[in-house]
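Throughout, protein chains are lettered first and strands after them, A, B, ... in sequence-line order, and every chain is numbered starting at 1.
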Amino acid sequence: MPLSFYSTKLADAVNWARKYSLFQYPFVTACCGMEFMAVWAPKYDIARFGAEFPRFSPRQSDLLIVVGTITERQAPVLRRIYDQMCEPKWVMAFGVCASTGGFYQNYSVMPGADQVIPVDVYVPGCPPRPEQALDALILLQERIQRGEGHSQVVLKQERGFDVPLAAIRPTKMGTQGGVPNPPAEGRGGQSPPGPHATATRTGGK
Amino acid sequence: MAQVVLDKLRDRFPGGEILETGSQHGNEWARVAPAAWRQVAEFLRDDAATRMDMFVDLTCVDRSPREPRFDVVLHVYSVEKKHRVRLLAGVEERQPVIATLVPVWPGANWFEREAFDMYGVRFEGHPDLRRILMYPEFQGHPLRKDYPKEKRQPLVRRLPGSV
């Protein structure tokens, strides 16, 4: 059975799991945070959508939610937090300040978080209503299911798949037919090499 | 309200240190010669009739093209006497320097740093005159009237086409 068949089916399953277990990192800098708290609170309850846990470590989170104004001085911090997150990762810009800089047009405010990090979903509003955040989350979930999150797209470009090949091909199995990017022998599926990696490897050990 | 403070100031400094006084909407103000800035502040704090024991605010105003270009503005209040007064001192653009008030009211420390950061007025004798709001790499003083409104000084940006 060709691997592409497995990986397509697997991607569906993995992405389904991903979209309902988004661990979020709330990067809350301004007044939008007040409204964002309501998204967590029982009345709107983002936990219903599986995005329950705020993890205050970027290494444990999947979804970076930028809530509030980002100043030029904060930009390197935001970039570093984004860089520390494991792939695949998603970013939501909550409120106009995080999306475009909002009504701030001055020396200190950065015109939108997407100046330094890629953003998947923008939520307009000053502040947005909690329903809008839930709407954005559902939108993002649909996108995750289709494999269209920005880091999913990048992973697909670099490795051919945005799901870990180790999941469908345990290390024992080694290389078999129908593999688009054959990994080095004996280490099959550990880290699927991209075209660059394949080119540099000189074959079996 | 605080006319007594202005009277006291005029009595104590007859030699031209107090350039002008006034009262508007019940708030008294006095324009002080910049050379006497520190001296007047100490007097206001220590005199038995004024007792300005609470530092409220210190900031700066860019009045360009007027010369002197900047006004350093000080608000002080007396908890005991329940009166407040506003002091102003003009600062020249060519040499934007005025005495620090940190030894008089320690609370002036961060306010003077802010005025320095935003307007470039230096406070002579300040123990730690660094930028307080903008990052150290920032060039210029953003609240000056001649700072370009659209000017940005980014620390980081995404490369075009990057993730």
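Within 6.0 Å of NZ in B:Lys8 there are 12 or fewer heavy atoms belonging to other residues, nucleotides or ligands.
Scanning residues 125-144 of chain A against chain B with a 4.5 Å non-hydrogen threshold yields no residues. Residues of residues 97-106 of chain A lying under 4.5 angstrom from chain B, judged on non-hydrogen atoms, are A:Gln105, A:Asn106 in numerical order.
Of the atoms belonging to B:Leu143, it is side-chain heavy atoms, and not backbone ones, that fall under 4.5 Å from chain A. Only the backbone of A:Val109 comes within less than 4.5 Å of a heavy atom of chain B; no side-chain atom from C-beta onward does. Only the side chain of B:Glu150 comes within contact range of chain A, with at least one heavy atom under 4.5 Å from a heavy atom of that chain.
Here A:Tyr20 and A:Phe49 keep their ring centres 6.0 angstrom or further from each other.
B:Val76 is not listed as a side-chain neighbour of B:Met54, based on a closest heavy-atom distance of 4.5 Å or more.
The cationic atom of B:Lys151 (NZ for Lys, CZ for Arg) does not lie both less than 6.0 Å from the six-membered ring centre of A:Tyr107 and within 45° of the ring axis.
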Could you list the donor-acceptor pairs under 3.5 angstrom formed by side chains in residues 9-20 of chain B, with sequence neighbours left out?
unit_1	atom_1	unit_2	atom_2	d
B:Arg10	NE	B:Thr21	OG1	3.4
B:Arg10	NH2	B:Thr21	OG1	3.0
B:Glu17	OE1	B:Gly15	N	3.2

Solution key, residues 89-104 of chain B side-chain donor-acceptor pairs under 3.5 Å, sequence neighbours excluded:
unit_1	atom_1	unit_2	atom_2	d
B:Glu93	OE2	B:Arg69	NH1	2.8
B:Thr100	OG1	B:Val102	N	3.1
B:Thr100	OG1	B:Glu112	OE1	2.5

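Ring planes of A:Phe36 and A:Phe94: perpendicular class, angle over 60° (limits at 30 and 60°).
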